[in-house]
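One structure is given here, and the rest of the page talks about it.
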Amino acid sequence: MRKVSVFGATGSIGQNTIDLIDRDPSAYDVVALTGGANIEQLAKDARRLNADIAVTAHEDRLDDLRDALAGTQVEVAAGQTALTEAAARPADWVMSAIVGAAGLPPGLEALKQGATLALANKETLVCAGPLVLETARAHSARLLPVDSEHSAIFQALVGEDIDAVERIIITASGGAFRDWPLSDLANATVEQASSHPNWNMGQRITIDSASMFNKALEVIETKEFFGVAPDQIEVIVHPESIVHSLVGFKDGAVMAHLGAPDMRHAIGYALHWPDRQTLPVERLNLAKLRQLNFHEPDEARYPALRLARNVMERGGLSGAVFNAAKERALDHFIARRIRFLEMAGVVEAVLEKFEAQNGLLDAPLNLDNVLQTDHLARKWADDSVMQKTG
Ligand code: NDP
């Protein structure tokens, strides 16, 4: 039996992972399941899968979790430190599906144990790519991508030499507002941004898809994961979300990965890697699809893509700043303190403020510095919003 843990088990990726585990429960020994506010779901899954431990990120919900798991053998714990401790429990395969920078410390801890880390949490590589890769190398741990785009690229590269790659083309659905006139975007509401045309995902990543901050994170993640140069990465809008990404080689060949928009493909690929197993995803009928569309993204509509290029060129701790400022800008948009198009302005202002402070972005890339940078970037994002809103 394979020992598996799911971090962010109550979320969209976490529940899809559990759906796959549930289809063959005798194959897995579940070590840790973690969640946040959704205690009921966490307890339900931990009880059914007989997990060793269930952890909620919220310390004040420990008693609720304990009550919900009364009468079982499942241990309970709460808080960020408990999450990292749970990641230190030996497991063969760990799903990293916490949302946001909070996913970084448990992910790093799992790598230190030599686990295979299935990485849905894109913030891990955006905030601390070189540190994460070095930790994996030092502990002979493996990273497998779960984002559909990175899984597609990874699959297109099987048996290939990375030096033969000319470019990586990441597809983007364009999000909720891809067909809106630019002039209407200023008044886009949280509800409108929270509805994705193709994918069923958590609210935060859905809004990030509408602004393309999600794509911006993926572009940075691609540079880190595959070690390519920023100018080798292209983004193309593909409204149908059938082609998940493409790799162009030196000889002109382009390998595309196609599939129905269902995250259980990428999760299942990472779960069964290096094998392929039957997965419960819809099979493509190309004749029925008839056509697929592609067009270049309009950077005026998606300023996040320009910011991502700046971050890749700048390096250092700028990824951690970008992600933290983005997370706070998103919080303020969800709280209706700023407008949809103002999110990019907040992120840019915070990046500029860091650049203006000598040495801040060039401090050594270790976990303490990433967490401190994350903290300061959030504060400066809040300050920037306060200035805007008075
Ligand atoms: P969700 O918001 O659906 O789920 C997030 C999970 O993290 C939940 O279990 C949540 O708990 C938990 N959580 C929230 N805040 C914290 C915290 N501070 N500390 C610890 N745990 C916390 O997100 P998704 O599943 O959509 O996304 C998860 C990650 O995967 C993100 O990084 C996202 O970018 C990435 N991703 C998602 C895809 C998708 O299709 N959804 C596709 C590719 C990548 P609770 O809900 O109980 O509060």
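For ligands, and for the atoms within them, numbers begin at 1 and follow the listed sequence. Please read these numbers as outputs of a predicted model, since none were measured by experiment.
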If the contact criterion is a heavy-atom separation under 4.0 Å, does Met263 count as touching ligand 1?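 A heavy atom of Met263 does come that close to ligand 1.
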
Please confirm whether Gln41 approaches ligand 1 to less than 4.0 Å, judged on its heavy atoms.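 Per 4.0 Å heavy-atom rule, Gln41 does not contact ligand 1.
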
Indicate, as side chain, backbone, both or neither, the part of Asn38 found under 4.0 angstrom from ligand 1 when only non-hydrogen atoms are considered.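 Near ligand 1, Asn38 shows its backbone as well as its side chain.
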
Flag yes if more than 12 heavy atoms outside Asn366 fall under 6.0 Å of its CG atom; otherwise flag no.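 Atom CG in Asn366 is packed in, count exceeds 12.
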
Glu134, CD atom: more than 12 neighbouring heavy atoms under 6.0 Å: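 Count over threshold, so yes.
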
[atom]: which protein heavy atom is closest, and how many Å away?
| atom | result |
| --- | --- |
| atom 4 (O) of ligand 1 | Gly11 CA, 3.1 Å |
| atom 34 (O) of ligand 1 | Lys122 CE, 3.1 Å |
| atom 10 (C) of ligand 1 | Thr10 OG1, 3.9 Å |

Whether the Gln387 and Asp383 side chains hold a donor-acceptor pair (N or O, under 3.5 Å, no angle test) is what I'd like checked.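 Judged by distance alone, the side chains do not pair up.
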
Would you say the side chains of Thr222 and His150 form a donor-acceptor pair under 3.5 Å?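 A donor-acceptor contact under 3.5 Å links the two side chains.
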
Taking 4.0 angstrom as the limit and counting only heavy atoms of Gly8, give me the atoms of ligand 1 inside it, by number and element.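 Listed by number with element: 6 (C), 7 (O), 9 (O).
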
If I take atom CD1 from residue Ile21 and atom CZ from residue Arg48, how far apart are they, to the nearest 0.5 angstrom?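 So the CD1 of Ile21 and the CZ of Arg48 are separated by 9.5 Å.
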
Using a plain distance cutoff, I'd like to know if [X] has any nitrogen or oxygen under 3.5 Å from a nitrogen or oxygen of ligand 1.
| X | result |
| --- | --- |
| Glu123 | yes |
| Thr34 | no |
| Gly14 | no |
| Ser12 | yes |
| Leu83 | no |
| Ile13 | yes |
| Asn200 | no |
| Ala57 | no |

Does the pair Arg336 and Glu191 meet the rule for a salt bridge (charged side-chain N to carboxylate O under 4.0 Å, His left out), with working shown? CA-CA 11 Å; Arg336 294 163 169 79; Glu191 291 70 26; 2.2 Å; yes

List the residues meeting side-chain contact (heavy atoms from CB on, under 4.5 Å) with Thr10, not counting sequence neighbours, and say none if there are none.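 side-chain contact (heavy atoms from CB on, under 4.5 Å) check on Thr10 returns Asn38, Gln41, Leu42.
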
Asp208/Lys326 ion pair, N-O < 4.0 Å: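 The answer is yes: the pair qualifies as a salt bridge.
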
Check residues 356-364 and write down every donor-acceptor pair under 3.5 Å in which the side-chain atom is one partner and the other belongs to a residue at least two apart or another chain.
from, atom 1, to, atom 2, distance (Å)
Asp362, OD1, Arg314, NH1, 3.1
Asp362, OD1, Arg314, NH2, 3.4
Asp362, OD2, Arg314, NH2, 3.0

Would the distance check show the side chain of His332 and the main-chain N or O of Val385 forming a donor-acceptor pair, the cut-off being under 3.5 Å?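 No, because the side chain of His332 does not come within donor-acceptor range (under 3.5 Å) of the backbone of Val385.
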
